[in-house]
Protein chains: 2
Amino acid sequence: MSAVAKPLAKPAAGRGASLKSEFVAFKTNRIVEVASHLFYQRGYSSCTLDNVADNLGVTKPFLYSYFKNKEAILAAICEVGISEALTILETTLAGEHKNHRELLAEVVRQVGRIVIDRQEYVVVYLREMKHLSATDHERILRLRHSFDHQIAELIREGIEAGEFRQDTDSFVAVWIGGLISWIPTWYSPDGQRSAEEVVDQLVSAALRLAGAE
Amino acid sequence: MSAVAKPLAKPAAGRGASLKSEFVAFKTNRIVEVASHLFYQRGYSSCTLDNVADNLGVTKPFLYSYFKNKEAILAAICEVGISEALTILETTLAGEHKNHRELLAEVVRQVGRIVIDRQEYVVVYLREMKHLSATDHERILRLRHSFDHQIAELIREGIEAGEFRQDTDSFVAVWIGGLISWIPTWYSPDGQRSAEEVVDQLVSAALRLAGAE
DNA sequence: GAAAAAAACTACTGGCCAGTAGATGCGTTT
DNA sequence: AAACGCATCTACTGGCCAGTAGTTTTTTTC
């Protein structure tokens with residue numbers, strides 16, 4: 001991985017955001033980035049903040065200038081893991097589409113891409129969420145429920161519109177969520193399959209599950 | 001959960017297995033059972049052996065009479081998580097079947113049942129496997145690969161026999177594995193859905209993925 | 001029922017690690 | 001160039017926990 005890959009947030013342009021606050025955002029992002037990678041590899045509980053600091057070329061107290069404690073870093077990672085997927089879902093739902101079949105395909109494609117792109121964040125989010133404080137845990141869970149609910153709604157409308165098989169159950173939304181969440185546990189960027197190939201197959205599988213193919 | 005549920009291994013009958021070795025097996029199983037539950041709830045790394053001992057009503061050194069160290073307990077849990085699924089898969093494959101469609105349905109049904117039955121073991125296995133020593137890790141991974149391979153082979157034969165859609169890709173085996181592994185992350189024995197209902201839906205989803213419905 | 005063997009316990013240690021107090025350096029202002 | 005303020009560091013602590021040494025309790029054997 002390059003030293004500074006895929007910034008999580010674009011620097012806010014000009015007015016309002018001072019150069020200084022951009023620096024702070026940059027450093028915060030780098031901490032989340034490195035922590036995400038290490039938590040992904042070695043697990044949240046068995047990874048120390050000294051490890052994270054070492055990988056950043058700084059010392060542990062540095063981290064405490066940007067995060068309240070270890071758990072706050074995890075919360076930031078989980079936030080990325082779910083909220084990027086949720087955002088792209090809502091953007092796609094709000095966009096143009098011919099019919100429910102095309103919409104489902106596009107939603108699954110976009111979300112699949114994000115999940116592959118943010119693989120490590122997604123894995124950490126799914127695996128380590130339970131280590132969050134009650135408050136953070138609830139906040140993240142609400143985002144997840146919103147995501148699941150909107151997918152379920154899309155399926156329901158597609159059935160109603162007669163575009164998906166009538167015997168398609170509300171379970172299908174769960175299975176599609178499963179397909180998506182399952183990707184990061186076996187897909188590797190260094191593997192044989194290209195990301196686009198995986199996403200194509202994912203879309204095809206989701207349409208089969210919905211009985212829309 | 002009852003105090004002593006679902007023994008992992010039947011006591012070997014009579015000859016060969018002394019009463020004493022049955023006691024040892026019983027206690028070993030209880031340790032694995034309780035550890036599995038705690039590792040499932042709180043994660044392997046953040047769960048102490050004192051916790052495990054407390055829950056068993058014994059003290060920590062007791063555990064060291066039955067396991068070399070903490071990691072050996074994890075290895076035993078992972079072993080259950082994958083090998084029971086593998087065993088039922090092979091038993092089912094070896095049995096009678098009308099055609100590939102029926103065989104796939106039966107395999108998915110049987111494995112699905114085991115995964116629900118051994119939910120906590122499966123979750124711990126999937127989530128914590130990387131904390132195993134290199135030797136144990138490889139052994140468990142071999143079992144997993146054997147599992148995946150046999151599912152893939154079943155799909156391939158079904159396509160060849162013309163029972164599954166011809167454009168079905170080898171990916172489908174991965175997706176079916178995903179559906180199965182995904183169950184324990186959302187299914188709860190105390191929830192609304194009965195285990196049999198979930199398994200029925202799982203079978204139906206797997207057949208759709210294979211294009212056999 | 002005494003002696004031997006086995007099983008489980010009490011009590012400890014050495015290392016690790018999240019989090020902190022206070023020092024140090026470094027850029028900016030005047 | 002002195003003084004200020006901010007960013008980061010050095011150095012530490014208190015608690016936790018895997019693993020162990022050696023003792024006590026229970027069971028078995030004769």
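Below, chain A is the first sequence line, B the second, and so on; all start at residue 1.
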Checklist entry - Over how many whole Å does the gap from A:K68 atom NZ to C:dT20 atom C1' extend? => result 14 Å
Item to check | Rounded to 10 degrees, the angle between the two terminal axes of the helix from C:dG1-D:dC30 to C:dT30-D:dA1, each from five pairs | outcome: 0°
Checklist outcome for this item: note: B:Y64, atom OH; C:dC9, atom P; distance rounded to Å ~ 15 Å
Checklist entry - Considering heavy-atom distances to DNA chain D, does B:F23 or B:N51 have its closest nucleotide positioned more toward the 5' end? => result B:N51
Item to check | Ring-face cation contact, B:Y66 with B:R30, 6.0 Å cut, 45° max | outcome: no
Checklist entry - Atom CG of B:D54 and atom C1' of D:dA18: how far apart are they, to the nearest Å? => result 15 Å
Item to check | Rounded interatomic separation in angstrom, taking CZ from B:R42 and P from D:dC16 | outcome: 13 Å
Checklist entry - Looking at B:E196 and B:R109, does any basic side-chain N land under 4.0 Å from a carboxylate oxygen? => result yes
Item to check | Passing option when B:W175 is tested against A:W182, A:W186, A:W175 for ring-ring contact (aromatic ring centres under 6.0 Å, His included) | outcome: A:W186
Checklist entry - Taking protein heavy atoms under 4.0 Å as touching, what does nucleotides 7-12 of chain D look like 5' to 3' if B marks base contact, S marks sugar-phosphate-only contact and - marks none? => result SBBB--
Checklist outcome for this item: B:L49 CG to D:dA18 P, in whole Å, measures 5 Å
Item to check | Audit row: A:E197, A:Q201, side chain to side chain donor-acceptor pair (under 3.5 Å) steps and yes/no | outcome: CA-CA 6 Å; A:E197 191 185 357; A:Q201 291 291 333; 5.7 Å; no
Checklist entry - In whole angstroms, how far is the P atom of C:dA8 from the CD1 atom of B:I31? => result 9 Å
Item to check | NE2-CZ distance between B:H37 and B:R42, expressed to the nearest 0.5 angstrom | outcome: 9.0 Å
Next on the checklist: If I take atom CG in residue B:L63 and atom P in nucleotide D:dA18, what distance separates them, rounded to the nearest angstrom?
Outcome noted: 10 Å
Item to check | Separation of atom CG in A:D50 from atom C1' in C:dT20, rounded to whole Å | outcome: 13 Å
Next on the checklist: For the OG1 atom of B:T92 and the CD atom of B:Q150, what is their distance to the nearest 0.5 Å?
Outcome noted: 10.5 Å
Checklist entry - Sub-3.5 Å donor-acceptor pair from the side chain of A:D136 to the main-chain atoms of A:S133, do we have one? => result no
Checklist outcome for this item: Nearest heavy-atom contact between B:V115 and B:P184 is CG1-CD, 3.8 Å
Checklist entry - Of all residues at least two apart in sequence or in a different chain, which pass the ring pair (Phe, Tyr, Trp, His ring centres under 6.0 Å) check with B:F39? => result B:Y44
